[in-house]
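Everything below concerns the one structure shown next.
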Amino acid sequence: MDTAHVAGWLLVCGSVAFGVGAGNPYLVRGWTAPQDVFLRIVAGHPQAWRFTTAFFVAGTVATASGLLLVPILLPGDWPRGLAAAGGISFLLAAVLWLISLVYRFSVTPAVARRFVDSGTIDPWIADLDRLNGMLFKAFIVLAFAGLAAIGLAITGGGPIPVLVGWGIALLSALLILGLIISGDMPPFTVYLPTLAIGLALLTGG
């Protein structure tokens, strides 16, 4: 299997893994629910929560690994350099997201169980939640900045269609703007551009 197909499979499998986790039927209604409802859902399905978080971790690791291979596939110094910078930005984003996921894997179920049992949330949890929220926003910004750079690098030629590169660069810029305006952005949006790159690599454009 050549590098293009390895990168393609990593990106597609990473996006699919995230989708499997996000689509967990036990948890899906909790993503947009108020905090008290969300915590009751997690407390009621702790194994489903850990299953989902594990798939988020696997998807993030696979996606970051696939993006780091993209520079190898591009011709010319500036596309490779820009794609490498984008890959490093996404890698930094992935590290922050993984730290957040470790918190979600280990702390969130315990907090949810205590909330259901006592009806209270420890004050220090609110501080950790704010820090976790900052990590998530940093993940979104760094991830889309990296994807925008990779999208622009793709327009320099190579096995991925130029239109895919322009689309990824534009979408990434728009989603960063959306985060700035709304203050939030669903994490699945990060895995849409990476899925497009992966499919383009596997299908030869």
Would you indicate whether the side-chain heavy atoms of Phe115 and Gln35 approach each other to under 4.5 Å? no

So, for Gly66 and Ala7, which heavy atoms are closest and what is the spacing to 0.1 Å? O-CB, 3.9 Å

With a sphere of 6.0 Å drawn around OH of Tyr103, does it hold more than 12 non-hydrogen atoms of other residues, nucleotides or ligands? yes

Can you confirm whether Asp127 is buried at CG, in the sense that more than 12 heavy atoms of other residues, nucleotides or ligands lie under 6.0 Å from that atom? yes

Any chance CH2 of Trp31 has more than 12 other-residue heavy atoms, nucleotides or ligands included, within less than 6.0 Å? yes

Could you pull out every donor-acceptor pair under 3.5 Å between side chains of residues 143-156 and any protein atom, sequence neighbours left out?
residue: Thr155; atom: OG1; partner: Leu152; partner atom: O; Å: 2.5

Closest non-hydrogen atom pair between Pro193 and Leu171, with its separation: CG-CD2, 4.0 Å

Which ring pair (Phe, Tyr, Trp, His ring centres under 6.0 Å) pairs, counting each pair once, include a residue from residues 57-101, with sequence neighbours left out? Trp97-Phe136, Trp97-Phe139

Given the rule in the side-chain contact (heavy atoms from CB on, under 4.5 Å) test, do Val61 and Leu98 qualify, once you have shown the distances and angles that lead to the verdict? CA-CA 9 Å; Val61 171; Leu98 290 173; 4.3 Å; yes

Begin with the C-alpha distance, continue with both residues' side-chain angles, and end with the deciding distance and a verdict on ring-ring contact (aromatic ring centres under 6.0 Å, His included) for Phe56 and Phe18. CA-CA 5 Å; Phe56 284 176; Phe18 182 88; 4.4 Å; yes

Rounded to the nearest 0.5 Å, the OG1 atom of Thr189 sits from the CG atom of Leu179 at a distance of 9.0 Å

Rounded distance [0.5 Å steps], CG in Leu68 versus CD1 in Ile88: 7.5 Å

So, for Thr63 and Gly14, which heavy atoms are closest and what is the spacing to 0.1 Å? OG1-CA, 3.6 Å

Gap between atom CE of Met185 and atom CG of Leu177 - 0.5 Å precision: 8.5 Å

Does this structure show an ion pair linking Asp117 with Arg113, if we count only N-O contacts that are shorter than 4.0 Å? yes

Verify the distance criterion only: is there a donor paired with an acceptor across the side chains of Tyr191 and Thr60 at less than 3.5 Å? yes

Just how far is it from atom CG of Leu201 to atom CD1 of Ile197, taken to the nearest 0.5 Å? 7.5 Å

Distance col, row Ile181:CD1 vs Leu174:CG, nearest 0.5 angstrom, shows 9.5 Å

Distance-minimising heavy-atom pair for Leu73 and Pro159: O-CD, 3.3 Å

